[in-house]
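We count residues from 1, following the sequence as given. Computed from a predicted structure; not experimentally measured. Reckoned from all heavy atoms, side chains included, excluding hydrogens, waters and symmetry mates.
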Amino acid sequence: MMSSLWTRICVKLASVLRWQKLAYQSHRRPVPIYAKAHISHLKLKLHLGAGDINVQGWVNVDARKFEHTHLVSDGFELAEFTDGSIGEIYLCHVLEHFSILDGEIFLRRLRTKLCAGGLIRISVPDFDTILEIYEDSGRDVKEIRGILLGGQEYAHNFHKSVFNGRVLEELLTDCGYVNVTRWTTEEDFGVDLGDWSNKTITSKRTEFSRLA
C-alpha cells in the first residue's frame, strides 16, 4: 500500500518538474513577431446563417446543425469570439429574421467583434424589387409572399423586418459602420455561392436578377 502511494507521489513530482522545466524554457524564449500581412491573413471569417452553404475558409454559424456547421447558435451572440477578433463577417438573408430593434442591437454587436478595418457583407431582400415583382405579377400576393415573409417551413424562417438599399445604409451608418457600398457575390467571392445573394426570381412576366 505504501509502495503504491510512494510510486504515485514520485510520478506526480516528475510531472511537476517537467512542467516547470518547460515553463522556464518558454520564459527564456523570445516572443515571435509576425508581419502585419500575416496577422491579417489569420483573422477569422464568420459566415452567419450559413444554412446548407459551405464556404471554404469560413467558420459556419447557424441555428440548425449541418455536417459543415462549426457553431450552432440561435441568436448569434458570438460570446465565443473576443471583441476585435474577426476580420470578415458574411450574412445572407439573415438580418430580416430579426425584429427592427433586435436587428440594430445585432449589428452593433457584430461591429464590436470586427477588427480594425474589418469587413461585413450583408444581403437582404430588397423591398423595392419585391414591389416591382408584385406589380409585374398583376398584384398577386402569392408571388411575393415567400420572399417578403420567409419560407416559414421551420421555426427560424420567418421575416420580421424589411429593407431597401437606403434603409439598410442608414441603419449601418447609425450602428457605426463606415464606407457602406453595394457589392456583388461574383466580385467579392469570385463565384456564385448558390445562396440568395444573387439568386434570380421569376414572376409571371419578368425575371428579376437581384433581390439583395
**Asked** Where the side chain of Arg64 meets the backbone of His156, is there a donor-acceptor pair that is under 3.5 Å apart?
**Response** no

**Asked** Is a donor on one side and an acceptor on the other found under 3.5 Å between the side chain of Thr82 and the backbone of Ser85?
**Response** no

**His97 side-chain N/O to Phe158 backbone N/O, donor-acceptor pair under 3.5 Å** = yes

**Message:** On a heavy-atom basis, which atom in Lys45 and which in Gly57 lie closest, and how many Å separate them?
**Reply:** CE-O, 3.6 Å

**Message:** Is any side-chain heavy atom of His93 closer than 4.5 Å to one of Ile147?
**Reply:** yes

**Message:** To the closest 0.5 Å, what do you measure between CD1 (Ile130) and CD1 (Ile133)?
**Reply:** 7.0 Å

**Prompt:** Under a single-linkage definition using a 4.5 Å side-chain heavy-atom cutoff for Ile, Leu, Val, Met, Phe, Trp and Tyr, are Leu101 and Leu171 assigned to the same hydrophobic cluster?
**Reply:** no

**Item:** Atom pair NZ/NE2 of Lys65 and His70 - distance to nearest 0.5 Å
**Value:** 8.5 Å

**Asked** Do you know the tightest heavy-atom contact between Asp174 and Arg108?
**Response** O-NH2, 3.0 Å

**Asked** Any idea how Phe106 and Phe98 line up, ring-wise: parallel (<30°), tilted (30 to 60°), or perpendicular (>60°)?
**Response** parallel

**Prompt:** Minimum heavy-atom separation for Ser73 to Val61, with atom names?
**Reply:** CB-CG1, 4.0 Å

**Asked** side chain to side chain contact (heavy atoms under 4.5 Å, CB included) between Leu46 and Phe81: does it pass, once the steps are laid out?
**Response** CA-CA 10 Å; Leu46 295 190; Phe81 305 94; 3.7 Å; yes

**Prompt:** Heavy atoms, side chains only, cut-off 4.5 Å: are Ile120 and Leu91 in contact?
**Reply:** yes

**Complete:** Nearest heavy-atom contact between Ser197 and Thr185 is OG-OG1, 2.6 Å

**Message:** My understanding is that only residues two or more places apart in sequence, or in another chain, count here; which of them pass salt bridge (charged side-chain N to carboxylate O under 4.0 Å, His left out) with Arg145?
**Reply:** none

**Request:** Identify the two heavy atoms, one from Val162 and one from Leu148, that lie closest to each other, and give their separation to 0.1 Å.
**Result:** CG1-CD1, 3.8 Å

**Message:** Using the side chain to side chain donor-acceptor pair (under 3.5 Å) definition, which of the options Asn54, Asp52, Thr69 pairs with Asn60?
**Reply:** Asn54

**Asked** Going by the angle between their ring planes, with limits at 30° and 60°, are Phe189 and Tyr90 parallel, tilted or perpendicular?
**Response** tilted

**Request:** Using a cut-off of 6.0 Å, state whether more than 12 heavy atoms not belonging to Glu153 lie near its atom CD.
**Result:** yes

**Asked** According to a 4.5 Å side-chain heavy-atom criterion applied to Ile, Leu, Val, Met, Phe, Trp and Tyr, with indirect links allowed, do Ile100 and Leu95 form part of one hydrophobic cluster?
**Response** no

**Prompt:** Are Phe163 and Val180 grouped together when hydrophobic residues (ILVMFWY) are joined by side-chain heavy atoms under 4.5 angstrom apart?
**Reply:** yes

**Message:** As an exercise, state the distance from CD1 of Ile53 to NE2 of His47, rounded to the nearest 0.5 Å.
**Reply:** 7.0 Å

**Message:** I'd like to know if Lys43 pairs up with Glu88 as an ion pair, taking the criterion as any Lys NZ or Arg NE/NH1/NH2 lying under 4.0 Å from an Asp or Glu carboxylate oxygen.
**Reply:** no

**Fill in**
Here the gap from Ile89 atom CD1 to Lys113 atom NZ, rounded to the nearest 0.5 Å, amounts to 9.5 Å

**Fill in**
Correct closest heavy-atom pair for Val72 and Ala63 would be CG1-O, 3.6 Å

**Prompt:** Just by modelled atom types, is the Ala50 backbone N or O under 3.5 Å from a matching donor or acceptor in the Asp62 side chain?
**Reply:** yes

**Message:** Taking Cys175's backbone N and O only, do any of them form a donor-acceptor pair with Arg111's side chain (distance below 3.5 Å, no angle check)?
**Reply:** yes

**Fill in**
Taken to the nearest 0.5 Å, the spacing of Leu78 CG from Thr112 OG1 works out to 8.5 Å

**Request:** State yes or no: do Val94 and Tyr154 share one hydrophobic cluster built from I, L, V, M, F, W and Y residues joined by side-chain heavy-atom distances below 4.5 Å, directly or via other members?
**Result:** no

**Asked** About how many Å separate OG of Ser99 and CD1 of Ile105, when rounded to the nearest 0.5 Å?
**Response** 7.5 Å

**Asked** Do Leu119 and Trp183 come within less than 4.5 Å of each other through their side chains, counting heavy atoms only?
**Response** no

**Message:** Under 3.5 Å, is there a donor on one side chain and an acceptor on the other for Asp126 and Thr129?
**Reply:** yes

**Prompt:** What do you reckon, is NZ of Lys142 surrounded by more than 12 foreign heavy atoms closer than 6.0 Å?
**Reply:** no

**Request:** Could you check if a side-chain atom of Leu48 sits within less than 4.5 angstrom of a side-chain atom of Leu110, using non-hydrogen atoms only?
**Result:** yes

